[in-house]
Amino acid sequence: MAAKFFSQSISFTTASELGAVKRQRAEFETKMWAMFKGTEDPNDDPDIRTRIKYLRTWGPTILPRIPAAQFKFAAENYEHFSEQSRYDPSVSKIELQKYEWDLQSLLHIQSNKSKAVGDADPILLSRPASKLTCFAKGRYDEMRDQRASWERCVFAPKETDAQAIRAYLQKVFSSSKESTVALETMVTNIKLFQEEWDAMPHFKAEDVRESCKAVLRSGGIYREIYADVKELLRFEDELDSHATGLRFASRRRFEWCWVDTPQVEARRDLIHDKWRFHVRFGLFEALFIDYYARRWAVKLREEFMTFVKTAGVWKSDTKPVSSEDARRRRFFLLEFDKERDKEHTFKTVDEMRQDYFNNVIFLNRLPRAMDDVRVNYQYSEYEDPPGDAKKTYLDVEQELIHRIQAEVLLQTRMGKDITVMRANFRSFSASLPHSSIFAVLDFFGFDDVSQYIFRSFLEAPMVFKDDTKPQASRIRKRGTPRGSILANFLEEALLFCLDFAVNQAAEGAKLYRLHDDMWLLGDADTYINKEKTGSVTILRRDKSPRVHFSPEGVMQTPLLPRGDVVWGFLKLQRSTGRFTLDRSALTEPISDFRYQFKGCRSVFDLVRLWNGYVGRFFAHKFGAPANCFSRRHIVDILYAFQRIQQQLFPRIDGSEGVEISIPEFLREKIKKATDEFLPVGRITDGFLYFPRSRGGLGLHNPFIQYLLVKGSVVEDADKEIIDAFLRDEERAYRAAKDYFEDPIMITDPATEYYHHEDLTTKPFMSFEEFTRYREQTSSEMAAAYKKLIQRPVGREKYIERSGDVWKGVGEEEWHDMSAYDRWAVQVYHSDMLDRYGGFRFFNWEDVPEGLRSLLRESGYQYLW
């Protein structure tokens with residue numbers, strides 16, 4: 001209520017102040033046009049010298065905020081020039097007109113800035129108060145349908161056989177003597193952690209601070225108390241007070257009860273094109289649950305990592321070098337490798353794979369420490385993740401796709417077949433049976449008190465926030481609160497069992513799992529979501545098919561699920577082993593985009609929706625550029641964005657092209673938002689495309705971000721990277737052979753050739769033997785692999801300042817700008833300079849206080 005009253009007060013104050021600004025502007029315009037004429041008498045027609053003198057004399061009186069140096073410089077020049085022209089006939093009238101135009105342009109710029117204040121007001125005041133308003137009726141119908149499906153799943157219990165689950169886990173985790181002992185150690189440590197819980201320090205003021213930041217990041221609290229939580233972070237005494245209450249609750253955790261009823265809020269997940277239902281808690285409950293679950297999540301990750309690192313537990317997918325091959329390699333290559341190691345050290349392909357799996361993929365959602373920041377999926381819709389966050393899940397997804405593409409390219413060129421499978425559990429977070437969760441927790445040694453607390457957190461009474469009629473709360477019976485650390489902890493505890501089971505059954509194959517999205521380079525069979533599941537076997541380049549094809553021509557193997565391997569709008573082609581853009585999949589999303597675009601009611605809605613779809617949804621689903629995709633991928637993306645705009649604004653006659661561009665469309669919307677007729681020339685491209693930090697609307701141009709990096713991606717990864725690697729490998733073999741056969745090379749046989757007497761008369765190893773263990777030994781293959789997965793981040797084309805840009809941006813400031821902003825400023829600067837004399841749209845001093853508040857709230861800054 002207070003927020004609504006404040007907003008109304010701001011609007012009223014702004015409207016009143018803006019009226020005064022408009023009156024001042026009208027007075028200014030009258031005086032300005034009188035000065036242009038050189039007299040206030042409409043019957044007079046003074047000559048050019050009189051007009052210039054009038055401008056020089058009276059201009060500063062009505063231009064209190066014009067850059068004084070500019071006007072003074074022009075006026076002083078006139079003093080000298082006018083004196084010469086009085087006597088010297090060689091000074092032409094044209095030169096005099098140029099001076100008059102210079103002085104008039106300064107007045108025009110001031111007039112344009114004054115008008116810009118009035119133009120900005122209706123644009124900003126027409127923005128939505130909170131969330132997007134452009135989801136039309138059809139979208140809300142879809143939301144209601146998905147809500148009904150979600151409710152049927154969440155509020156209906158599904159009982160599973162706890163004894164059968166325990167028996168299965170016992171079988172999996174006792175598959176070897178080493179895993180049996182490691183499991184017993186892990187269970188003992190978890191039980192000990194519970195016994196010592198009350199003796200540990202909990203809920204210090206700093207812990208409460210970190211939990212406050214965490215719940216703000218995750219969106220796990222009532223939206224109405226966001227401001228209260230931010231305020232809480234400012235006062236140490238308040239943190240101590242909350243910490244005292246939370247410590248008391250921790251000691252009495254076995255008596256947990258809900259004070260504030262959790263609320264369910266529907267949010268459209270633009271990236272994944274579906275509605276999500278997020279549970280939000282009151283402040284006390286949110287802080288307690290976050291700390292308690294986070295503390296357990298850190299402990300569980302520690303125990304799981306100790307378990308898998310125990311010798312003999314986790315199977316390796318690396319083919320070991322045989323003892324005989326290792327002996328021969330030591331004999332033939334030891335001295336050559338020593339020389340190479342002097343120049344540089346490197347990680348092998350196998351080591352890079354293992355590091356990536358252990359440090360990025362495995363147990364991705366469990367924090368390593370209490371202050372470890374993990375960003376949830378909801379930060380991928382319209383806003384950027386917090387500045388203190390590590391890689392988002394979307395970034396990790398992009399990296400994983402690049403690595404899969406690199407593996408396919410390398411393995412097929414090395415003469416191997418490779419099978420890629422992708423699978424996804426259907427409605428995993430919402431449908432997970434609680435009985436399965438607690439069967440797993442019981443297996444790992446969680447006692448009755450711990451299970452009671454987690455069950456209390458899960459089986460919470462919930463109400464829907466946006467229901468117009470009050471509804472009775474209902475108890476959750478299945479699933480977890482999506483996006484919370486509680487969900488991460490409980491789901492990863494269960495899915496770790498899947499990771500380990502696949503590792504044991506598939507002889508060390510790595511299951512690349514991000515939450516419930518799974519990739520496997522090998523064979524697998526599990527309960528999967530058919531719509532998001534497919535497998536492709538890519539044959540090596542020099543091999544004819546020896547597997548069967550279906551009548552439709554699709555390769556089949558009996559144990560693999562059928563379907564295409566698709567990620568976003570990328571489809572893995574069976575014939576080439578390349579991910580390519582599937583243009584046929586764009587039709588429905590573009591239609592949906594157009595439908596929502598027409599439903600937007602404000603300029604801010606339009607810009608946010610455009611940036612959300614073009615800058616995030618499509619950009620993510622197209623895949624981030626990388627060398628493994630080659631430059632053709634970027635070209636396909638540019639054509640795709642061209643097609644999006646053609647279908648968003650099709651020509652009336654049906655011909656190819658666009659009827660109206662996005663800047664023209666926004667100009668029309670802005671004109672309708674203003675009280676008076678707004679000439680198109682008043683709305684510059686710079687105002688639309690400049691970032692909000694520089695006073696623009698921040699409209700995203702998708703072509704810029706790809707053109708910036710197009711030249712930094714290789715034209716053809718096969719030719720430029722893999723062919724080069726094979727040539728380098730042949731050169732390395734010849735160099736090793738020459739080095740070994742060089743008669744000057746002397747090695748102490750007592751130390752280096754021990755047990756190699758039978759090899760001293762043998763010829764140097766063959767090329768086939770030299771390359772037999774590439775992935776464990778080859779520096780050339782490691783370099784090629786690193787280059788294949790390399791993204792052009794940080795290698796964008798540097799845009800130099802040219803033309804008149806230097807007038808508005810200093811050298812240091814230009815260097816600090818992002819590559820995208822430099823491009824945008826360089827492209828759209830001319831109309832800004834012509835109209836406003838620089839990159840500042842209006843004088844900050846002329847802006848009413850109410851409008852200043854809105855500008856600050858909207859993220860606008862004025863740096864000049």
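- Defined by atom type and a distance below 3.5 Å, a donor-acceptor pair is missing between the side-chain atoms of S322 and R328.
- At least one side-chain heavy atom of F496 sits under 4.5 Å from a side-chain heavy atom of V308.
- Remark: the backbone N or O of Q504 is paired with a side-chain donor or acceptor of K315 at under 3.5 angstrom.
- A search for ring pair (Phe, Tyr, Trp, His ring centres under 6.0 Å) contacts involving Y706 returns F641, not counting sequence neighbours.
- Residue T761 comes nearest to D758 through the heavy atom pair OG1-O, 4.2 Å, listed as atom of the first residue, atom of the second, then distance.
- With S316 contributing its side chain and T318 its backbone, the two residues share a donor-acceptor pair below 3.5 Å.
- Between F764 and F740, the ring-plane angle classifies as tilted under the 30° and 60° cut-offs.
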>> Quick one, R643 with T587, criterion side-chain hydrogen bond (donor to acceptor under 3.5 Å, both in side chains). Give me CA distance, side-chain angles, the key distance, then yes/no.
In response: CA-CA 10 Å; R643 179 188 171 189; T587 303; 3.2 Å; yes

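- Taking CD of E397 as the start and CH2 of W567 as the end, the distance is 5.5 Å to the nearest 0.5 Å.
- At distances below 3.5 Å, not a single donor-acceptor pair connects side-chain atoms of Q826 with backbone N or O atoms of R822.
- A distance-only check finds no donor-acceptor pair linking the side chain of H633 to the backbone of F579 [under 3.5 Å].
- Using a 30° and 60° split on the angle between ring planes, F569 and F618 fall in the parallel class, below 30°.
- The OH atom of Y512 sits 14.0 Å away from atom CE of M421, with the distance rounded to the nearest 0.5 Å.
- Under the rule for a ring pair (Phe, Tyr, Trp, His ring centres under 6.0 Å), the partners of W314 that lie at least two apart in sequence or sit in another chain are F362.
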> Stepwise, does the salt bridge (charged side-chain N to carboxylate O under 4.0 Å, His left out) test hold for R327 with E324?
Replying inline: CA-CA 5 Å; R327 188 175 76 94; E324 176 61 18; 3.2 Å; yes

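- Taking 4.5 Å as the limit, every side-chain heavy atom of V420 sits out of range of all side-chain heavy atoms of E407.
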>> Would F703 and Q645 count as a side-chain contact (heavy atoms from CB on, under 4.5 Å) here? Give the steps.
In response: CA-CA 12 Å; F703 299 100; Q645 296 198 45; 3.1 Å; yes

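- Listed by chain and residue number, H700 satisfy the ring pair (Phe, Tyr, Trp, His ring centres under 6.0 Å) test with Y820 (two or more places apart in sequence, or in another chain).
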Show me, pair by pair, the donor-acceptor contacts under 3.5 angstrom made by side chains of residues 781-789, not counting sequence neighbours?
{"residue": "Y785", "atom": "OH", "partner": "R403", "partner atom": "NH1", "Å": "3.4"}

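- The closest side-chain heavy-atom distance from D718 to D723 is not below 4.5 Å.
- Summarising the geometry, atom SG belonging to C628 is positioned 10.0 Å from atom CZ belonging to R791; distances are rounded to the nearest 0.5 Å.
- Side chains of M305 and L366 form no contact here, defined as non-hydrogen atoms less than 4.5 Å apart.
- Closest of all the heavy-atom pairs between G623 and I637 is O-CD1, 3.9 Å.
- E351 and K347 get closest at one heavy-atom pair: OE1-CA, 3.2 Å.
- Smallest separation of non-hydrogen atoms from A182 and F307: CB-CD1, 3.5 Å.
- A donor-acceptor pair under 3.5 Å is absent between the side-chain atoms of Q790 and the main chain of N627, judged by distance alone.
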>> Is there a salt bridge (charged side-chain N to carboxylate O under 4.0 Å, His left out) between D325 and R329? Walk through the geometry before answering.
In response: CA-CA 6 Å; D325 285 341; R329 294 187 72 86; over 6 Å; no

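- Side chain of Q411 to backbone of I418: no donor-acceptor contact under 3.5 angstrom is found.
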> When you look at F425 and H515, which way does the ring pair (Phe, Tyr, Trp, His ring centres under 6.0 Å) test go after all the steps?
Replying inline: CA-CA 10 Å; F425 286 111; H515 188 210; 9.4 Å; no

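- To the nearest 0.5 Å, atoms CE (M186) and CD (E303) are separated by 7.5 Å.
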> Passes side-chain contact (heavy atoms from CB on, under 4.5 Å), R578 versus L409? Steps please.
Replying inline: CA-CA 8 Å; R578 286 183 175 273; L409 292 177; 4.2 Å; yes

>> For a side-chain contact (heavy atoms from CB on, under 4.5 Å) check, start with the C-alpha distance between E775 and M352, then their side-chain angles and the critical distance, and finish with the verdict.
In response: CA-CA 10 Å; E775 296 172 13; M352 284 189 283; over 6 Å; no

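- Contact record, A736 with L333: CB-CD2, 3.9 Å, taken as the closest heavy-atom pair.
- L498 CG to L511 CG: the interatomic distance, rounded to the nearest 0.5 Å, is 5.5 Å.
- A heavy-atom distance below 4.5 Å is found between the side chains of L570 and L581.
- Judged by distance alone, with hydrogens and angles left aside, the side-chain atoms of D372 form a donor-acceptor pair with the main-chain N or O of R368 at under 3.5 Å.
- Under a 3.5 Å cut-off, the side chain of R301 and the backbone N or O of P367 do not form any donor-acceptor pair.
- To the nearest 0.5 angstrom, D564 atom CG is 8.0 Å from Q573 atom CD.
- Contact detail for G711 and R631: the closest heavy-atom pair is O-NH2, 4.0 Å.
- Shown here are the side-chain contact (heavy atoms from CB on, under 4.5 Å) partners of V827, two or more places apart in sequence or in another chain: W823.
- Side-chain contact between D517 and R422: present, with at least one pair of heavy atoms (C-beta onward) separated by less than 4.5 Å.
- Side-chain contact check for V565 versus W519: some heavy-atom pair is nearer than 4.5 Å.
- Ring geometry for Y613 versus F617: interplanar angle over 60°, hence perpendicular rather than tilted (30 to 60°).
- Taking N358 as the reference, Q354 meet the side-chain contact (heavy atoms from CB on, under 4.5 Å) condition, with sequence neighbours excluded.
- A distance-only check finds no donor-acceptor pair linking the side chain of T771 to the backbone of R774 [under 3.5 Å].
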>> Before you tell me yes or no, could you show the steps for R413 and F725 under side-chain contact (heavy atoms from CB on, under 4.5 Å), namely the whole-Å CA-CA distance, both residues' side-chain angles and the distance that decides it to 0.1 Å?
In response: CA-CA 11 Å; R413 286 296 300 273; F725 146 58; over 6 Å; no

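- Ion pairing between R513 and E492 holds under the 4.0 Å rule for side-chain N and carboxylate O.
- Under the 4.5 Å side-chain criterion, counting only non-hydrogen atoms from C-beta, D317 is not in contact with F357.
- Remark: the backbone N or O of F173 is paired with a side-chain donor or acceptor of S179 at under 3.5 angstrom.
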